[in-house]
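Residue numbers start at 1 and run along the sequence shown. These figures come from a predicted structure and were not determined experimentally. Each ligand, and each atom within it, is numbered from 1 in the order the structure gives. No hydrogens, no waters, no symmetry mates; every other heavy atom, side chains included, goes into these values.
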Amino acid sequence: MVHKITVAIDGPAGAGKSTVSKQVANELGYLYIDTGAMYRAVTWYVLQQNIALTNKKAIAALLPQIDLHMEASKMGLCVAVNGIDVTQAIRKADVTAAVSEVAAVKAVRIFLVEQQRQMAKAGGVILDGRDIGSVVLPKADLKIYLTASVETRAKRRWLEIKDKEKSLSLDAIKKSVEERDYKDMHRDESPLVCVPDAVVVDSSTYSFEETVQKIKQLIIDKEGKNA
Ligand code: DC
């Protein structure tokens with residue numbers, strides 16, 4: 001029997017963490033937890049309540065009202081806040097623009113990290129985010145830092161959204177990727193770091209399939225060692 005492990009995948013915005021993790025999890029029969037979606041869901045709720053993003057106290061006070069539900073389905077991951085399906089809404093530009101600010105609030109991180117640890121408890125999971133290997137699961141069996149050049153990441157994001165959000169140029173997306181990198185890497189609370197025990201995978205020159213294969217192999221090798 002395969003001994004399933006706990007996998008932490010961290011890296012900057014647009015490195016392909018969620019699409020790659022989802023595919024790898026499907027192929028290997030792991031549970032995939034997109035922690036970025038959890039920060040986005042909280043951000044969606046904060047925006048709904050018209051709270052200023054700078055008002056950390058008010059954001060913290062909202063948390064007990066938030067019942068977050070994540071469910072993997074054939075259509076992908078479904079995210080609900082207090083019974084409302086926000087799967088689509090959390091990918092919109094307003095949430096994307098605000099999420100770094102909300103993710104930097106300490107109380108928000110404490111609230112979500114606790115839920116992430118509970119979900120990962122049983123093992124056989126792939127969590128992707130910014131602080132999985134460093135904070136959420138420092139004892140993960142395998143830590144991967146998935147990255148790619150800023151140019152590659154901006155181009156991928158642009159290809160993803162150009163039909164839906166026609167007004168956004170490649171240059172504007174590159175700027176927003178750089179801004180998000182800076183905020184994620186320089187915040188006080190759990191900044192994005194590449195921990196020393198992570199395997200670095202730079203996907204700049206890989207296709208989606210190649211990246212999936214590479215990460216699958218890392219997991220299979222580790223499963224063998226932990227058996
Ligand atoms: O991966 P993503 O783009 O959906 O993440 C959205 C935001 O959430 C991103 O700006 C960083 C933040 N985030 C975080 O701070 N910690 C995580 N574990 C996951 C995401």
Side-chain angles (χ1 to χ4, degrees), residues 6-23 25 32-47 53 56 59 63 66 68 70 76-79 81 86-120 125-138 140 143-148 150 152-154 156-158 160-161 165 168 173-195 198 203 211:
T6 300
V7 184
I9 303 187
D10 292 299
K17 292 186 303 295
S18 37
T19 38
V20 168
S21 303
K22 203 186 305 166
Q23 183 66 20
Y32 164 56
I33 300 168
D34 175 356
T35 65
M38 299 171 79
Y39 287 93
R40 286 171 178 272
V42 170
T43 304
W44 174 84
Y45 191 73
V46 169
L47 294 177
L53 296 175
K56 294 184 182 171
I59 292 175
L63 298 172
I66 301 179
L68 189 57
M70 319 261 294
L77 184 82
C78 289
V79 186
V81 173
V86 296
T87 311
Q88 312 283 332
I90 62 170
R91 303 290 161 197
K92 297 249 163 80
D94 57 342
V95 171
T96 302
V99 64
S100 289
E101 199 94 35
V102 175
V105 177
K106 190 173 183 176
V108 172
R109 304 206 70 85
I110 294 170
F111 177 72
L112 292 180
V113 167
E114 177 53 33
Q115 298 186 32
Q116 290 156 11
R117 287 186 180 142
Q118 286 299 327
M119 291 191 262
V125 287
I126 300 176
L127 272 78
D128 89 335
R130 304 294 190 286
D131 61 339
I132 310 301
S134 58
V135 175
V136 181
L137 303 172
K143 299 179 186 178
I144 295 169
Y145 189 81
L146 180 60
T147 188
V150 172
T152 308
R153 291 185 283 129
R156 287 181 190 157
R157 204 107 315 176
W158 180 71
E160 236 172 65
I161 63 168
E165 304 204 29
L168 279 177
I173 294 175
K174 186 169 167 232
K175 229 175 126 207
S176 112
V177 166
E178 282 171 334
E179 270 168 23
R180 230 147 45 97
D181 280 0
Y182 188 88
K183 279 189 191 160
D184 291 344
M185 289 173 182
H186 292 87
R187 67 185 179 211
D188 292 337
E189 297 302 327
S190 313
L192 168 64
V193 285
C194 176
V195 289
S203 73
T211 314

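- Near ligand 1, Thr35, Gly36, Tyr39, Arg40, Arg91, Val99, Ser100, Ala103, Arg109, Gly129, Arg130, Asp131, Arg180, Asp184, Arg187 each place a heavy atom less than 4.0 angstrom from the ligand.
- Residues that satisfy the side chain to side chain donor-acceptor pair (under 3.5 Å) test with Ser203, not counting sequence neighbours, are Arg156.
- Val46 pairs with exactly one of Val108, Val105, Leu53 by the side chain to side chain contact (heavy atoms under 4.5 Å, CB included) rule, that one being Leu53.
- Legend: residues meeting salt bridge (Lys or Arg N to Asp or Glu O under 4.0 Å) with Arg157, ordered by chain and number and at least two apart, are absent.
- For the atom pair SG of Cys78 and CD of Gln88, the computed distance is 9.0 Å after rounding to the nearest 0.5 Å.
- Contacts of Arg40 classified as salt bridge (Lys or Arg N to Asp or Glu O under 4.0 Å), with partners at least two apart in sequence or in another chain: none.
- Summarising the geometry, atom CD1 belonging to Ile66 is positioned 11.0 Å from atom CE belonging to Met38; distances are rounded to the nearest 0.5 Å.
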